[in-house]
Enquirer: 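Could you have a look at this structure, given as structure tokens, before my questions?
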Amino acid sequence: MMAFPIDFLWGGATAANQCEGAYDIDERGLATVDVLPYGEDRFPIALGVKKMLKCDDQHKYPAHVGIDMYHHYKEDIKLFAELGLKCFRFSIAWTRILPNGDDEIPCEAGLAFYDNLVDECLKYGIEPMITINHFDVPIALVKKYGGWKDRRMIDAFMKLCTILFDRFKGKVKYWLTFNEINMLLHLPFMGAGIVFDEGEKKEQVTYTAAHYELLASAKAVKLAHEVMPDAMIGCMLAAGQFYPYTCNPEDVQKGLDADRDNYFFTDVQTRGAYPVWAIKRMEKEGIKLDITSEDIETLKQGTVDFIGFSYYSSRTVSVDPEVNKQTTSGNVIFSAVKNPYLKTSEWGWQIDPKGLRITCNILYDRYQKPLFVVENGLGAKDAVEEDGAIHDLYRIDYMREHIKAMDAVINEDGLPLLGCTFWGIIDLPSASTGEMEKRYGVIYVDQDTQGNGTLKRMKKDSFDWYKKVISSNGMEL
Ligand code: BG6
């Protein structure tokens, strides 16, 4: 191991809709993420194939309480400070500021909450990083416009950005526009508030929405640069290199195509224009974008300062129908096959620290912009011993191996890696399943999927371990 850069941002990450709770207080409006229940209906709703624009009594919604960070933020940030975090990534709940998504007057209580959160971080010397939009589309805008199907979403989003930049200029340096923007293609309701109408051509709808989100992202970047000249504003991609299952050229071509689909958004966000292959593919598939000459200029002017990305796993693809039968439960969203060289987590997510190094190198070769791992971590079941200890050695192993990969990225490959905010640094409900049992934190929260628990915060063994890693700047692993 060699030393990490002195200003490396060792961090932790959360999202408003997963940790804040308090989903209906202080005028907060309902958002897409609030109507995603725990259980079998979650996936079809997130996909946009089952319409659900309100909550009901038949379902459970663990995220409505989350870990109630809304009321516990002081205690939580104090713990982050004890851990030694240099950076805390969190998101803004759009409907806490604008309950209907495009209200004339912002909700002061909502803004005050984020003021306090930011000030509390700064009090301890923790750099706040804001994700402007983490999977939450105001339900009022889904009803009014059909979510990101409609160009008018851009103005509503810019209203939110204008308020935020104005409020936090001089305080918040690091920003991300849309969390895992490419998730729009995989979970259209969760990512973009899209519910498909009967007979609608899915690809046409999703790529149209993608164009509007890309325009919104570019406009936000441009505005951020005008209002906050020192700010760093990045994109956020659900990354993970696609591997061909064999050296059969057909597998290699399939891997390349899957990669390109995945990099579709970041290609535009970093280069300011649609890549040639995407234009060709859209032509071939009969997808027509509502794109004006002004749009082309907007995309050019709004390129990002850094590449923020989540990395949990690589993905493997094959053209062989037999191989395609071999999947794990974690291969669903990105339709990948089981890689026989990798172990899997309890939720079927394949564990590939080397893949993080590969992904970083491919991203840098492609874009030559600073990189930031804004999510990484292991979702696992934790057991609380009688004495209150939580021995999560599996999580320590996972984090250690991924930190070693980052060390190689910096010290062997020489790439500019700005930091790493580990996901769910404090336990919170899962985005894909909605449950509380899939825990990522180094801080345990006493809360289960059924809503039982005291919400008490407890340190896991990984807390002390990560604290040592940070204080030794990555030398003690
Ligand atoms: C990312 C999301 O996809 O992965 C987070 O940005 C999410 O919101 C995280 O929680 C882990 O996924 P999951 O489904 O295990 O919570």
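Since we're looking at a predicted model, the values are computed, not measured. In what follows, every heavy atom counts, from backbone to side chain, and hydrogens, waters and symmetry copies are set aside. Every number for a ligand or one of its atoms is a count from 1 in the order of the listing.
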Enquirer: Give the numbers and elements of all ligand 1 atoms closer than 4.0 Å to a heavy atom of S430.
Expert: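 Answer, ordered by atom number: 13 (P), 14 (O), 15 (O), 16 (O).
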Enquirer: Show the atoms of ligand 1 that are less than 4.0 angstrom away from any heavy atom in K438.
Expert: 13 (P), 14 (O), 15 (O)
Enquirer: I need the minimum non-hydrogen distance between D136 and I92, along with the two atoms involved.
Expert: OD2-O, 3.5 Å
Enquirer: With heavy atoms under 4.0 Å as the rule, classify the contact between A15 and ligand 1 as side chain, backbone, both or neither.
Expert: neither
Enquirer: So is W349 close enough to ligand 1, meaning a heavy atom under 4.0 angstrom away?
Expert: yes
Enquirer: Quick one: look at W347 and ligand 1, take heavy-atom pairs under 4.0 Å, and tell me if it's side chain, backbone, both or neither.
Expert: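 Neither; nothing of W347 gets under 4.0 Å from ligand 1.
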Enquirer: Please list the nearest protein heavy atom to atom 3 (O) of ligand 1 with its residue and the distance rounded to 0.1 Å.
Expert: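 I find the closest protein heavy atom is E180 OE1, 2.6 Å.
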Enquirer: Roughly how far, to the nearest 0.5 Å, is CG of N179 from OG1 of T131?
Expert: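 Going from the OG1 atom of T131 to the CG atom of N179 covers 6.0 Å.
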Enquirer: With atoms numbered from 1 as shown, which atoms in ligand 1 lie under 4.0 angstrom from a non-hydrogen atom of A431?
Expert: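 Those of ligand 1 that fall under 4.0 Å from A431 are 7 (C), 8 (O), 10 (O), 13 (P), 14 (O), 16 (O).
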Enquirer: So for H134, does at least one of its heavy atoms come nearer than 4.0 angstrom to any atom of ligand 1?
Expert: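 A heavy atom of H134 does come that close to ligand 1.
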Enquirer: How does L428 reach ligand 1, by side chain, by backbone, by both or by neither, if only non-hydrogen atoms under 4.0 Å count?
Expert: neither
Enquirer: For the residue pair C55 and H64, what are the closest heavy atoms and their distance?
Expert: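 Distance-wise, the nearest heavy atoms are SG-CE1, 3.5 Å.
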Enquirer: What protein heavy atom sits nearest atom 6 (O) of ligand 1, and how far away is it?
Expert: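 Among all protein heavy atoms, the one nearest atom 6 (O) of ligand 1 is E375 OE2, 2.7 Å.
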Enquirer: Should the pair F372 and Y174 be assigned to parallel (<30°), tilted (30 to 60°) or perpendicular (>60°) ring geometry?
Expert: perpendicular
Enquirer: What atoms in ligand 1 come closer than 4.0 Å to a heavy atom of Q18?
Expert: 5 (C), 8 (O), 10 (O)
Enquirer: Whether the side chain of D427 engages the backbone of R439 through a donor-acceptor N/O pair (distance < 3.5 Å, no angle test) should be reported.
Expert: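 A pair under 3.5 Å: no.
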Enquirer: Within ligand 1, which atoms have a heavy atom of Y440 less than 4.0 Å away?
Expert: 11 (C), 12 (O), 13 (P), 15 (O)
Enquirer: Would you mind checking which non-hydrogen protein atom is closest to atom 14 (O) of ligand 1, with the distance to 0.1 Å?
Expert: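 Here the nearest protein heavy atom works out to S432 OG, 2.5 Å.
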Enquirer: Please work out which of the three classes, parallel, tilted or perpendicular, describes the rings of F90 and Y114, given edges at 30° and 60°.
Expert: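 The rings of Y114 and F90 lie parallel, inter-plane angle below 30°.
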Enquirer: Quick one: pull up CE in M436 and OG1 in T449 and give me the separation to the nearest 0.5 Å.
Expert: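 One gets 7.5 Å once the value is rounded to the nearest 0.5 Å.
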Enquirer: Start with the C-alpha distance between W349 and Y398, add both sets of side-chain angles, then the distance that settles ring-ring contact (aromatic ring centres under 6.0 Å, His included), and finish with yes or no.
Expert: CA-CA 12 Å; W349 289 26; Y398 182 101; 9.8 Å; no
Enquirer: Please work out which of the three classes, parallel, tilted or perpendicular, describes the rings of F165 and W175, given edges at 30° and 60°.
Expert: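 The arrangement is perpendicular - the two ring planes meet at more than 60°.
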